[in-house]
*Asks:* 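Could you have a look at this structure, given as structure tokens, before my questions?
Please read all numbers here as calculations on a predicted model, not as lab measurements.
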Amino acid sequence: MKECEIFSSLKVPCTSNIVVRLDGRNFSQLSRKLEFEKPYDMEFVKILSEASYQLFMEFNPRFIYTFSDEVSLLLGNVPFGGRVEKIDSVMASFLSGAFTREIMGKNKYTEIFQKIKPVSFDSRLIPLSDKGVITYFQERQMEAWRNCLNGYSYWTLRKEHSKTETMEILHKKKSKELHDLLFSNNINLTMMPAWQRRGIGLYKKSIQVGGLNPLTNENVKSERKKITIDWELPRFDEEFFHEKSLLE
């Protein structure tokens, strides 16, 4: 029946950068059942960041970017011979397992989590040029900003209005109107943590480590690459990606 596996031989373009985007399935329901804080729950963000760290350890991408329930990987060495089905299925299942393990390690969620549907992520693969990589992550970061603006607006109104009333108030409102709404409630988004506005990045950073030269018995320093979880990302631009050596 091998001939029936019609997409099993589909491979990524060998001349492109490859981004894999993973999205949590029905995470709004998960958030509600686990009673996460709104609009942001620090515990959830740490869980997803740690699961993303495990993903980095396993597949050694050049960069991971995450916000909300979304994780994007810029691959370095493309695994599984570039087979699209294999990359999508393994990465989605790996992140699902890593997220589950992390959340089960939090005692306050264990009992409820055992009674709800298993967590799952979907996965898609996106081939991009170098310029396309920068544009892609800029667009995802803009989506993180929109999520921040809309999330604070929605949950600020929900303090005094029903869900239906809140949706009616927000209908067709532009960004400036949302900012005005938040300002009237003493909320200035520019004062909110950078990770809420711009997301979180994972990449390898050079660090200096000390050691002892066994031949000379002298203290020496050497450079190592360490995975860093960056909670203070700047706005993405070409300089950021070249400075961090994220484009080959």
*Asks:* For residues Tyr53 and Glu50, determine if any side-chain heavy atom of one lies less than 4.5 Å from a side-chain heavy atom of the other.
*Replies:* yes
*Asks:* For Gln141 and Pro234, indicate whether the former's side chain and the latter's backbone hold a donor-acceptor pair under 3.5 Å.
*Replies:* yes
*Asks:* Does Glu177 reach the main-chain N or O of Lys174 with its side chain, forming a donor-acceptor pair under 3.5 Å?
*Replies:* yes
*Asks:* Val20 and Leu128: same hydrophobic cluster, using ILVMFWY side-chain contacts below 4.5 Å?
*Replies:* no
*Asks:* About how many Å separate CD of Glu143 and OG of Ser68, when rounded to the nearest 0.5 Å?
*Replies:* 8.5 Å
*Asks:* Is a donor from one side chain sitting under 3.5 angstrom from an acceptor on the other, for Asn17 and Asp130?
*Replies:* yes
*Asks:* Does any non-hydrogen side-chain atom of Leu34 lie less than 4.5 Å from one of Ile103?
*Replies:* yes
*Asks:* I would like to know whether His161 and Trp155 meet ring-ring contact (aromatic ring centres under 6.0 Å, His included); could you show each step before the answer?
*Replies:* CA-CA 9 Å; His161 300 276; Trp155 290 105; over 10 Å; no
*Asks:* Hey, are Ser245 and Lys204 close enough side-chain-wise for a donor-acceptor pair under 3.5 Å?
*Replies:* no
*Asks:* Tell me whether the count of non-hydrogen atoms from other residues, nucleotides or ligands lying under 6.0 Å of CG in Asn188 goes above 12.
*Replies:* yes
*Asks:* Answer with yes or no after comparing the ring centroid distance for Phe236 and Tyr136 against a 6.0 Å cut-off, counting only values under it.
*Replies:* no
*Asks:* Does any part of the side chain of Val133, heavy atoms only, come nearer than 4.5 Å to the side chain of Leu74, both counted from C-beta?
*Replies:* yes
*Asks:* Please determine whether side chain to side chain contact (heavy atoms under 4.5 Å, CB included) holds for the pair Leu178 and Asn150, giving the CA-CA distance in whole Å, both sets of side-chain angles, and the decisive distance to 0.1 Å.
*Replies:* CA-CA 8 Å; Leu178 296 181; Asn150 293 333; 3.4 Å; yes
*Asks:* Can you check whether Leu149 reaches Leu182 side chain to side chain, under 4.5 Å on heavy atoms?
*Replies:* yes
*Asks:* Distance check, rounded to the nearest 0.5 Å: Arg83 atom CZ versus Ile87 atom CD1?
*Replies:* 9.5 Å
*Asks:* Sequence neighbours excluded, which residues qualify as side chain to side chain donor-acceptor pair (under 3.5 Å) partners of Asp230?
*Replies:* Tyr203
*Asks:* Could you list the residues that satisfy side-chain contact (heavy atoms from CB on, under 4.5 Å) with Asn186, not counting sequence neighbours?
*Replies:* none
*Asks:* Can you tell whether the side chains of Lys115 and Glu111 come within less than 4.0 Å, N to carboxylate O?
*Replies:* yes
*Asks:* Test your reading of the model: is there a side-chain donor-acceptor pair from Thr110 to the backbone of Lys106, 3.5 Å cut-off?
*Replies:* yes
*Asks:* Taking all non-hydrogen atoms of both residues into account, name the closest pair between Ala144 and Gly199 and its distance.
*Replies:* CB-N, 4.4 Å
*Asks:* Return the CZ to CG distance between Arg62 and Leu73, rounded to the nearest 0.5 Å.
*Replies:* 11.5 Å
*Asks:* Heavy atoms only: give me the nearest Ser72-Val19 pair and the separation to one decimal.
*Replies:* CB-CG1, 4.3 Å
*Asks:* Is a side-chain donor or acceptor of Ser93 paired with a backbone partner of Val90 at a separation under 3.5 angstrom?
*Replies:* yes
*Asks:* Without swapping roles, check the side chain of Asn60 against the backbone of Phe56 for a donor-acceptor pair under 3.5 Å.
*Replies:* no
*Asks:* Considering non-hydrogen atoms only, spot the tightest contact between Leu202 and Ser49 and give its length.
*Replies:* CD2-O, 4.2 Å
*Asks:* Between Ser120 and Ser96, what is the shortest heavy-atom contact and its length?
*Replies:* CA-OG, 3.5 Å
*Asks:* Answer yes or no: does atom NZ of Lys244 have more than 12 heavy-atom neighbours from other residues, nucleotides or ligands under 6.0 Å?
*Replies:* yes
*Asks:* Quick one, Cys148 and Leu189 - any side-chain contact, counting heavy atoms below 4.5 Å?
*Replies:* yes
*Asks:* Say whether Tyr65 and Glu70, considering side chains only, have a donor N or O and an acceptor N or O under 3.5 Å apart.
*Replies:* no
*Asks:* Once rounded to the nearest 0.5 Å, what's the spacing between atom CE of Met167 and atom CG of Leu170?
*Replies:* 6.5 Å
*Asks:* Is there a side-chain contact between Arg235 and Trp145 in this structure, where contact means two heavy atoms from C-beta onward sitting under 4.5 Å apart?
*Replies:* no
*Asks:* Please tell me whether Ile187 and Leu181 are part of a single hydrophobic cluster in this structure, the criterion being side-chain heavy atoms less than 4.5 Å apart.
*Replies:* yes
*Asks:* Are there more than 12 heavy atoms of other residues, nucleotides or ligands under 6.0 Å from atom CD of Glu238?
*Replies:* no
*Asks:* When you compare the side chain of Ser206 with that of Lys225, does any pair of heavy atoms fall below 4.5 Å?
*Replies:* yes
*Asks:* Tell me whether the centres of the aromatic rings in Phe27 and Phe121 are closer together than 6.0 Å.
*Replies:* yes
*Asks:* Does the separation of the ring centres of Phe137 and Phe240 fall below 6.0 angstrom?
*Replies:* no
*Asks:* One pair to check against ring-ring contact (aromatic ring centres under 6.0 Å, His included): Trp195 and Phe67. What are the steps and the verdict?
*Replies:* CA-CA 8 Å; Trp195 62 266; Phe67 71 95; over 10 Å; no
*Asks:* CE of Met91 to CZ of Phe80: how many Å apart, nearest 0.5 Å?
*Replies:* 6.5 Å
*Asks:* Counting only heavy atoms not in Glu43, do more than 12 sit closer than 6.0 Å to its CD atom?
*Replies:* yes
*Asks:* Checking Asp122 now: which residues fulfil side-chain contact (heavy atoms from CB on, under 4.5 Å) with it, not counting sequence neighbours?
*Replies:* Asp23, Arg124
*Asks:* Decide whether Leu233 and Leu55 are clustered together by the hydrophobic rule: side chain heavy atoms of Ile, Leu, Val, Met, Phe, Trp, Tyr closer than 4.5 Å, transitively.
*Replies:* no
*Asks:* Check whether Met57 and Leu48 end up in the same hydrophobic cluster, where Ile, Leu, Val, Met, Phe, Trp and Tyr are linked by side-chain heavy atoms less than 4.5 Å apart.
*Replies:* yes
*Asks:* Tell me whether Ile134 shares a hydrophobic cluster with Met142, the cluster being built from Ile, Leu, Val, Met, Phe, Trp, Tyr side chains joined at under 4.5 Å.
*Replies:* no
*Asks:* With a 3.5 Å cut-off and no angle check, do the side chains of Glu58 and Gln54 form a donor-acceptor pair?
*Replies:* no
*Asks:* Working to the nearest 0.5 Å, report the span between CG of Asp180 and NZ of Lys173.
*Replies:* 10.0 Å
*Asks:* Quick check against the 3.5 Å criterion: does Arg101 have a side-chain atom that pairs as donor or acceptor with the backbone of Met104?
*Replies:* no
*Asks:* Does NZ in Lys11 sit with more than 12 non-hydrogen atoms of other residues, nucleotides or ligands closer than 6.0 Å?
*Replies:* no
*Asks:* Counting C-beta onward and ignoring hydrogens, is there a side-chain heavy-atom pair between Asn26 and Val119 closer than 4.5 Å?
*Replies:* no
*Asks:* Give a yes or no on this: more than 12 heavy atoms of other residues, nucleotides or ligands lie within 6.0 Å of atom CZ of Arg25.
*Replies:* no
*Asks:* Are Phe113 and Tyr109 an aromatic pair, judged by ring center distance below 6.0 Å?
*Replies:* no
*Asks:* Identify the heavy atoms of Ile64 and Ser52 that sit nearest to each other, and give their distance.
*Replies:* CD1-O, 3.4 Å
*Asks:* Locate the shortest heavy-atom distance separating Met192 from Gln196; write the atom from each residue and the value.
*Replies:* CB-OE1, 3.8 Å
